[in-house]
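Have a look at the structure below before the remarks.
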Amino acid sequence: MYQTTNTPENSVVSAIINEVLERERDNEKRRMMIEEKMQAENVSPEQFMNALIPSLFLGVSCRVTNEQALEVLVLLATSDPSRYLKPASRIMKNFILASDLATLTLSDDLLTLMVTQISTNPDVELSDNLMESVVAFCDKERDTSSRLPTLLTRSLTAISQAFQKAWDEKLQHENSQQSSTSCVRCCAAIVMLCGLMTRREDDLLSKKRALDDCLLVILLDNNDPLLQMSALDLIDQLTVARVTQREWLLSKKTLEPLFQMAGNEEDESHPILGGSTIRILSSICKVVAKHDEDANFDQSESSSLLLTRFHHVLRNFTSGKSELDRLAQLDAISSFGVVSSQALEVILDDELIVPCWLSLSVAQPKLISAILYSVAMVLNYHYSNSSDAPVGVKSDLCMRLFVMLGQINNKGDNGSMPLVLSHAKSPVTETRLGAYELLQSVCRKSMFARAIFLNGSDLFEFLLNREGAETTVEGKEAKFKIVEAIFAQEKLTSLMDSKLVKALETHIKQGPHYRHTQSWDVATEQ
């Protein structure tokens, strides 16, 4: 049993509540009496709520019952929400975050009140406070509760019901703007709750049902692109949540409308939502790439749908685009390329997509850097993930990708390293950093030994030169990591001249920010 602190304020508030509820039955008179006594006792609304809030939860030992506390909260909140409910929401959130909730319970009546305010109250701070309170309570309960149903399931059910009410009002054109706002708030709360870890079957089913009944509903509402945009943003949040709802994201009923918005070789992308949808599909690809490495993703039905349809989307997204669109395109292609070895091979075999990905000929510095970073990201992923293909297959794909960078830019089969090295000497910082990232990726693996040694004199002279154009801290550290990557490869160092190995070793001992100093005497003699 949770025991409240018996402070003078708590005693005063308890006395006020008990006296008023006993003496008066009319709600308006009750409210007036409470406010008069608060004024007489010099108790502010915040102090009053600070004493009242713990009593709202079942399992709290205090002089005011749970029913009495809820009755008074509703009474005061109805009369003046900004004066009472806003501080109450703040205090409730802090109380839940600071409390051990093993012995406390959120009643259905209190949960209903909180969900109603989350979905309908125009005050954003109040709504956010209550939403965070529900999520925090669910998160703390998950480790200790054996209750059926859990608060997570109860909360998802209550929020889904609030969504359905708001959605019905929207369809009937009753206060449409407020109804749309309520729908988005309910979906935002569902996404936050779906990010909580749980293994209980009833919770997992409740999450899936809530996403289907609410988030998918607004995603499919073609009459309201702004509402669909909100749905896309919330789906994006699911891809980076603690629990990503991978199964729901990869289901056909979720992917199908996304592919329709993104467009394909036959149909144009949505004029408003197309770019955002491609970004979401890229994020879903990253979810797949991060998933259990032991699972053979390429064999699943959902993977086949994602690989085939997203490939069509990428082909449609290859011409007539602005530089901003090309940045989105790069993210999409590289995200697709890390889904699996099969996905990377599909990209490398596509004569339409590869030039759009790797061509540096008309790119601005920011775009050049993004291209180099994207190639590095794909290489790094396939270095560290070999579950879906033999190591030899992975190595061949990585080598093929790097060689194609030179070929696409008219540098020949051996032109990739000189091309990247030339960008590493660029006067533009962001271009240099992109080149450093790709050089580091290449120099991490001995499979690129031939490319390294073919350009050895230029490469090592550049890396070991402390007096070059690199003046930024991040640039010096990035160059240093390339030297470390080379020195860590025994197969490479075993083929090097001993003087070069010694120079690399000395360089590493000196660190990334070493500067050669000259004594004052020597300087003046010169």
Is there a side-chain contact between [X] and [Y] in this structure, where contact means two heavy atoms from C-beta onward sitting under 4.5 Å apart?
X	Y	value
Val115	Ser155	no
Cys138	Leu193	yes
Asp236	Thr239	yes
Phe57	Phe137	yes
Trp248	Thr254	yes

Does [X] have more than 12 heavy atoms from other residues, nucleotides or ligands lying within 6.0 Å of its [atom1]?
X	atom1	value
Glu474	CD	yes
Asp349	CG	yes
Gln39	CD	no

Taking only Lys NZ, Arg NE, NH1 and NH2, and the carboxylate oxygens of Asp or Glu, determine whether Arg154 and Asp202 approach each other closer than 4.0 Å. no
Would you call Glu247 and Lys208 a salt bridge, taking side-chain N to carboxylate O under 4.0 Å as the test? no
Let me see the working for Arg23 and Glu19 under salt bridge (charged side-chain N to carboxylate O under 4.0 Å, His left out), right down to the final yes or no. CA-CA 6 Å; Arg23 288 177 53 187; Glu19 180 182 352; 3.0 Å; yes
Which is it for Arg185 and Val124 under the side-chain contact (heavy atoms from CB on, under 4.5 Å) test, yes or no, and what are the steps along the way? CA-CA 10 Å; Arg185 283 187 179 179; Val124 176; 4.0 Å; yes
Keeping the roles fixed (side chain from Ser369, backbone from Glu430), state whether a donor-acceptor pair exists under 3.5 Å.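 Checking the backbone N and O of Glu430 against the side chain of Ser369, a donor-acceptor pair under 3.5 Å is found.
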